[in-house]
Amino acid sequence: MPLAFNIQGGICGESTSKFDYKIFPVAFKSKCLIINAAPTIEQYVVNAWARAINLTKFISGIDNDYNGYYASNSIRYIALGI
């Protein structure tokens with residue numbers, strides 16, 4: 001039986017801590033294989049990142065932290081899972 005991939009994405013803010021979870025629009029059935037993030041902030045040179053926690057949650061950050069400074073719409077993300 002072929003794998004059914006789930007591709008989803010959106011815009012979110014930066015997490016304020018490692019427990020400030022963002023929620024995927026649709027829960028993955030088995031596993032989030034990869035999540036990639038890009039900043040929406042144009043006036044600064046910054047890097048965005050995201051890390052899946054489980055099938056429904058992830059955290060996100062700007063540069064090397066997640067202090068919540070960029071709280072709204074600062075990160076575009078796309079996630080691929082099965």
**Request:** Give a yes or no answer on whether the side chain of T56 reaches the backbone of A27 with a donor-acceptor pair at less than 3.5 Å.
**Result:** no
**Request:** Return yes if some donor-acceptor pair links the side-chain N/O of S60 with the main-chain N/O of G13 below 3.5 Å, else return no.
**Result:** yes
Any non-hydrogen side-chain atom of [X] less than 4.5 Å from a side-chain atom of [Y]?
X: Y21; Y: N54; answer: no
X: K22; Y: I59; answer: no
X: F24; Y: C32; answer: yes
X: Y66; Y: T16; answer: no

So, taking the atom named [atom1] in [X] and the one named [atom2] in [Y], what distance separates them when rounded to the nearest 0.5 Å?
X: Y77; Y: I35; atom1: OH; atom2: CD1; value: 7.0 Å
X: Y69; Y: D63; atom1: OH; atom2: CG; value: 12.5 Å
X: R51; Y: S15; atom1: CZ; atom2: OG; value: 9.5 Å

**Message:** Hydrophobic cluster membership, with links at side-chain heavy-atom distances under 4.5 Å among I/L/V/M/F/W/Y: are L55 and I82 in one?
**Reply:** no
**Item:** I78 reachable from V26 in the ILVMFWY side-chain graph, under 4.5 Å edges
**Value:** no
**Item:** Full working for side chain to side chain contact (heavy atoms under 4.5 Å, CB included) between L33 and F5
**Value:** CA-CA 10 Å; L33 299 172; F5 288 101; 3.7 Å; yes
**Message:** By the definition side chain to side chain contact (heavy atoms under 4.5 Å, CB included), identify the one residue from I11, T40, V46, I62 that meets it with I75.
**Reply:** I62
**Sequence-distant partners of I34, side chain to side chain contact (heavy atoms under 4.5 Å, CB included), two or more places apart** = L80
**Request:** Tell me, please, which residues at least two apart from D65 pass salt bridge (charged side-chain N to carboxylate O under 4.0 Å, His left out).
**Result:** none
**Asked** Does the pair I23 and K57 meet the rule for a side chain to side chain contact (heavy atoms under 4.5 Å, CB included), with working shown?
**Response** CA-CA 5 Å; I23 306 297; K57 302 175 197 171; 3.7 Å; yes
**Message:** Using every non-hydrogen atom in the two residues, find where P25 and Q8 come nearest and quote the distance to one decimal.
**Reply:** CD-OE1, 2.9 Å
